[in-house]
Amino acid sequence: MPTVAELERAMKPTWCPGCGNFGMYRALKETIEELGLSAEEFAMVWGIGCHGNGADFYNVQGFHGLHGRALPVATGIAITRPDLKVIVEMGDGDGYGIGGNHFIHSVRRNIDMTAIFHNNQIYGLTTGQASPTSDQFMKTPSTPGGVVEEPVNPVGVSVAQGATFVARGFAGDIPHLKELYKRAILHEGFSVLDIYQPCVTWNKFNTFSWFRDRVYKIEDLPDYDPTDRTKAFDLSMSTFHELTCAPDECKIPIGVFFEEPDSFTYQDGLPQLDRPMWKHAEKPRNISATMAKYGG
Amino acid sequence: MPEAPTELRVRIGGEAGFGIKAAGQTLARSFVDAGLETFDLTEYPSLIRGGHNNYLLRVSTEPVYSHVEPVDVLMCLNRETLDLHHAELVDGGAVIFDPADFDASDVPSRLRAVPVPLMEFAREAGGKIMRNTVALGAVLALVDFPLTTLTDSLRAQFAHKAPEIAENNAKAATQGYDTAKAACPDFPIRLAAVKDAPKRMLVDGNEALAMGALAAGIGFYAAYPMTPASSILHFMAAHEREYGVVVKHTEDEIAAMNMVVGAAFGGTRAMTASAGGGFALMVEAFGMAGASESAVVVGVLTRPGPATGLATWTEQSDLRYVIHAAQGEFPRVVMAPGDREDAFTLTWKAFNLADQLQTPVVILGDSYLSDNRQSIPPFDLSQVTIDRGKLVTEGDMADHPDALDADGRYLRYKLADDGVSLRVLPGVKGANQLGNSYEHDEYGFGAAGEPAEVRTAQNEKRMRKMDLARTLVPPPAYFGAPPEEAAIGLLFFGTTKGPAREAARMLEREGVKVALMQVVTVFPFPADEVAAFLGTVPKVLLVEGNFTGQLEGLVRQECLLPIENTLHRYDGRPFTPEQIVARVKEVL
């Protein structure tokens, strides 16, 4: 069972000093240690982006895939290796933009795995262009006149698309983040974790202090029921804010929006997934019964 | 008395959506069950209803390798079929038609008009859906073939349905049979059941390919529907629970290819397939399979392009594209099955090659292979072997000290003389590793792959696998006369094999000896063998189904030899043997 120190037996992180990724990195390592996962029972997958550089910083079994394509690689592992828990890390451009199609379909599949989105509302690795979650009217090198589109609402999309676990975290609150990670990893089904993770280099607007002034915990809401999908959707819509809104005008909820504990997972629909699928290639398959149907 | 011909060519034509292919396959099944050999060709436009569909069936007492141009019997399920196809009929050929559709006087006088009230009989038997069955009965009557082979196969086909369905169909077939018999008692072709004939399967290329994948122990198949590859997905899905395969119809081909790489990371034998258009979406992840040294198999079943092209027709114009697909350089193997037996054999071998080389392997086919059925001997399962190469599936890394660094950490991409590192699956104790789409060091770390010497070493390590591939891949195949005795050699790849073999047989009957060379593994290209062939035959004709001469270009590039005579086709139709024969005669 890897400790934080063992998980760090890889390369040294090269994120910018103060990057929100550090908080997520620490929270996940501590979560893995505290859950007592063994090194052999889980695998991680990354897309491409600043988050993806994290692939070099974990000493785990993992795969660093293409930009936007972490989810299908992770799916390929999850639905052929029932002995592995799969944790996927993605960025906002990576997961909600170029990989948006995989995002929607992974949610509706309810594959038992954990999807962590590093949401800094900007493209960091490619030097500061607008991302699908950039606030409307934000000026960036690719949107000098300001972003025209509405930002993607990942929580709302997930809830609407039938997700069975949807939470939002903030990289500036590591203890809270760890609780979300633990619940997401232990949840049986597709867990969506949208994590605000400020980019200290390219996003001068959505900073740590900007978030600290605005986030509040969903669990502090009186009478909030995280099994009510409609309420979860309503709460997700309260996320949207004007670019210049004052702290008391736009509050950002963090915590578990929605959870359906006993859902039917994609793996539940695969009775043939009763062993690691590589075991089918230990000897040639006898297909003579099938050949007979064709006259052979 | 000359012997009656032993071949029958039947074309069934009608409007799309009326089960013409299914009816044709029932007929084919009846002949094969009686010990005859068949090859069929289905032509259909990319329409749901309407448009002209036709099904061509060639039946023979000898093995047949392709369709041919002449037709003996034309089964018209509408007037359009007569107009489009009567010219293909041999003199004295028969036109079976419903007198409700047109008059016997519309049938050219060089042909036999065989009116059979198809629709009326179908309605009498219980419904117009049985019109095709009436027609099949009529075809058998012309060639004096026992109707019981059809009625038996109809009874087997409908065994799971209410008994009157099979009986109604048998009645419909009998009415068609009796009427055609009376209308045309003197048709010159006679077919009889062959006693003690060897067992035959009737499969199309996709079925053969899918059976090859199953035999090889495939555990994961992911795909997005695209003609002509879709039926592989259907076949796999139909057998997923019986054999233990996870089959995923994905949101797009990008997901399919990426999922296959993920499954391969977990050690599962995994495959995807599509047409050239779907493969275009897979290409980035196809390259990732090369970079991450993933053992994956990809089927590319091509059709005429560019773009959506001709969705339901055939072409061999994706050879260069598949050989070069994806940015950067990485090892790959591309094999082109020529027929259904090749499709089975090369597919199971593709899984071994992918594991031995830890790199992507492509099966390059086309619609002509995918869609059409041929009678063939049952696949010899005893020949199928599984070789997973340098793979460790279980245990402890401590038992593999050669793959560890001084601190006991696993080197997934350890430099190796043959380019192939020990591949230890996730789940094995101590096998932490990073599969990577980035260039990487021996552990798999991306940032550590940046130094020039690391990049060079990893690049050279991967490319060394091409040398190993050359020792492992299937060699070219030769047919016909020995090259040193031949008047001409035919050089081709893929499904041109069938028409080329038929052409050689026709020319042989005319005293022209033809040597055939099929480039089975198109990449790495068998330059030495091709050069030797070109150096032996007095003349060569290169036959390929594209405009630009893609195989010809490879010969020039790899052998530094010119090709003087070529034959191209790019109208969406497969070569016919007659077309090749005519070109050979021009060249000679």
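Each chain gets a letter, A, B and so on, in the order the sequences are listed, and its residues count up from 1. Side chains included, hydrogens not; waters and symmetry mates left out as well; all remaining heavy atoms used.
Salt bridge A:R109/B:E251: present, at least one basic N to carboxylate O contact under 4.0 Å. Using a 4.0 Å cut-off between charged side-chain N and carboxylate O, B:D355 and B:K390 make no salt bridge. Taking the charged nitrogens against the carboxylate oxygens, A:E33 and A:K29 have no contact shorter than 4.0 Å, which rules out a salt bridge. We find that B:E37 and B:R200 are joined by a salt bridge, their nearest charged nitrogen and carboxylate oxygen being less than 4.0 Å apart.
Contact of A:I77 with chain B is made through backbone and side chain together, with heavy-atom distances under 4.5 Å. Residue contact with chain A, scored on non-hydrogen atoms closer than 4.5 Å, involves the backbone and the side chain of B:L434 alike. Contact annotation for A:R81: only side-chain heavy atoms (C-beta onward) come within less than 4.5 Å of a heavy atom of chain B. Neither the backbone nor the side chain of A:F57 comes within less than 4.5 Å of any heavy atom of chain B. With a 4.5 Å cut-off on non-hydrogen atoms, B:V384 touches chain A through its backbone and its side chain both. Using a 4.5 Å cut-off between heavy atoms, A:R9 touches chain B through backbone and side chain atoms alike. Contacts between B:A216 and chain A at a heavy-atom distance below 4.5 Å involve the backbone alone (N, CA, C, O). Proximity to chain A involves both the backbone and the side chain of B:I218, based on heavy atoms less than 4.5 angstrom apart. Both the backbone and the side chain of A:D56 come within contact range of chain B, judged by heavy atoms closer than 4.5 Å. Proximity to chain A involves both the backbone and the side chain of B:F445, based on heavy atoms less than 4.5 angstrom apart. Looking at B:A448, the atoms closer than 4.5 Å to chain A (heavy atoms on both sides) sit in the backbone and in the side chain alike. Looking at A:A10, the atoms closer than 4.5 Å to chain B (heavy atoms on both sides) sit in the backbone and in the side chain alike. Heavy-atom distances place no part of B:D33 under 4.5 Å from chain A, backbone and side chain included.
Side chains of A:T265 and A:D268: a donor on one and an acceptor on the other come within 3.5 Å. In summary, the side chains of A:T290 and B:Y243 do present a donor paired with an acceptor at a separation below 3.5 Å, with no hydrogens or angles considered. Between the side chains of A:Y123 and A:D92, not a single donor N or O lies within less than 3.5 Å of an accepting N or O. Side-chain contact of A:Q197 with A:N119: a donor-acceptor pair under 3.5 Å is absent, judged by distance alone.
Options B:E394, B:H239, B:R373, B:K248 differ in how many heavy-atom pairs under 4.5 Å they form with chain A, and the most are formed by B:K248. Annotation: maximal heavy-atom pairing with chain A below 4.5 Å, among B:H440, B:M257, B:R388, occurs at B:R388. Per-residue counts of heavy-atom pairs under 4.5 Å with chain B were compared for A:P72, A:P276, A:P2, A:A289; the largest is that of A:P72. Counting heavy-atom pairs closer than 4.5 Å to chain B, the top-ranked of the candidates A:H105, A:K283, A:M277, A:E41 is A:M277. Most heavy-atom pairs under 4.5 Å with chain B: of the set A:I287, A:I79, A:D83, A:L71, this distinction falls to A:I287. In terms of heavy-atom pairs under 4.5 Å with chain B, the best-connected choice from A:L270, A:N59, A:L273 is A:N59. Top candidate by heavy-atom pairs under 4.5 Å with chain A, chosen from B:T385, B:T250, B:T268, is B:T268. Between chain B and the residues A:D274, A:T14, A:I48, A:I104, the most heavy-atom pairs under 4.5 angstrom are made by A:I48. Of the listed residues (B:L214, B:V247, B:L202), the greatest number of heavy-atom pairs within a distance under 4.5 Å of chain A belongs to B:L214. Most heavy-atom pairs under 4.5 Å with chain B: of the set A:N286, A:L66, A:T75, this distinction falls to A:L66. Put simply, of B:R269, B:K199, B:K429, B:M288, the one with the most heavy-atom pairs under 4.5 Å next to chain A is B:M288. Contact tally against chain A (heavy-atom pairs below 4.5 Å) for B:V32, B:V203, B:D252: the top residue is B:D252.
A:F190 has its ring centre no less than 6.0 Å from the ring centre of A:F165.
Between the B:Q433 side chain and the A:Q61 main chain, no donor and acceptor come within less than 3.5 Å of each other.
Note on ring orientation: taking the six-membered ring where Trp is involved, the planes of A:W15 and A:Y25 are perpendicular (angle over 60°, cut-offs 30° and 60°). Relative ring orientation between A:W46 and A:H64 is described as perpendicular, the plane-to-plane angle rising above 60° on a 0-90° scale split at 30° and 60°.
A cation-pi contact, defined as under 6.0 Å to the ring centre and within 45° of the axis, is absent between B:K349 and B:F351. The side-chain tip of B:R412 does not point at the ring of B:Y443 from less than 6.0 angstrom away and within 45° of straight on.
Within a 6.0 Å radius of CD in A:E188, no more than 12 heavy atoms belonging to other residues, nucleotides or ligands are found.
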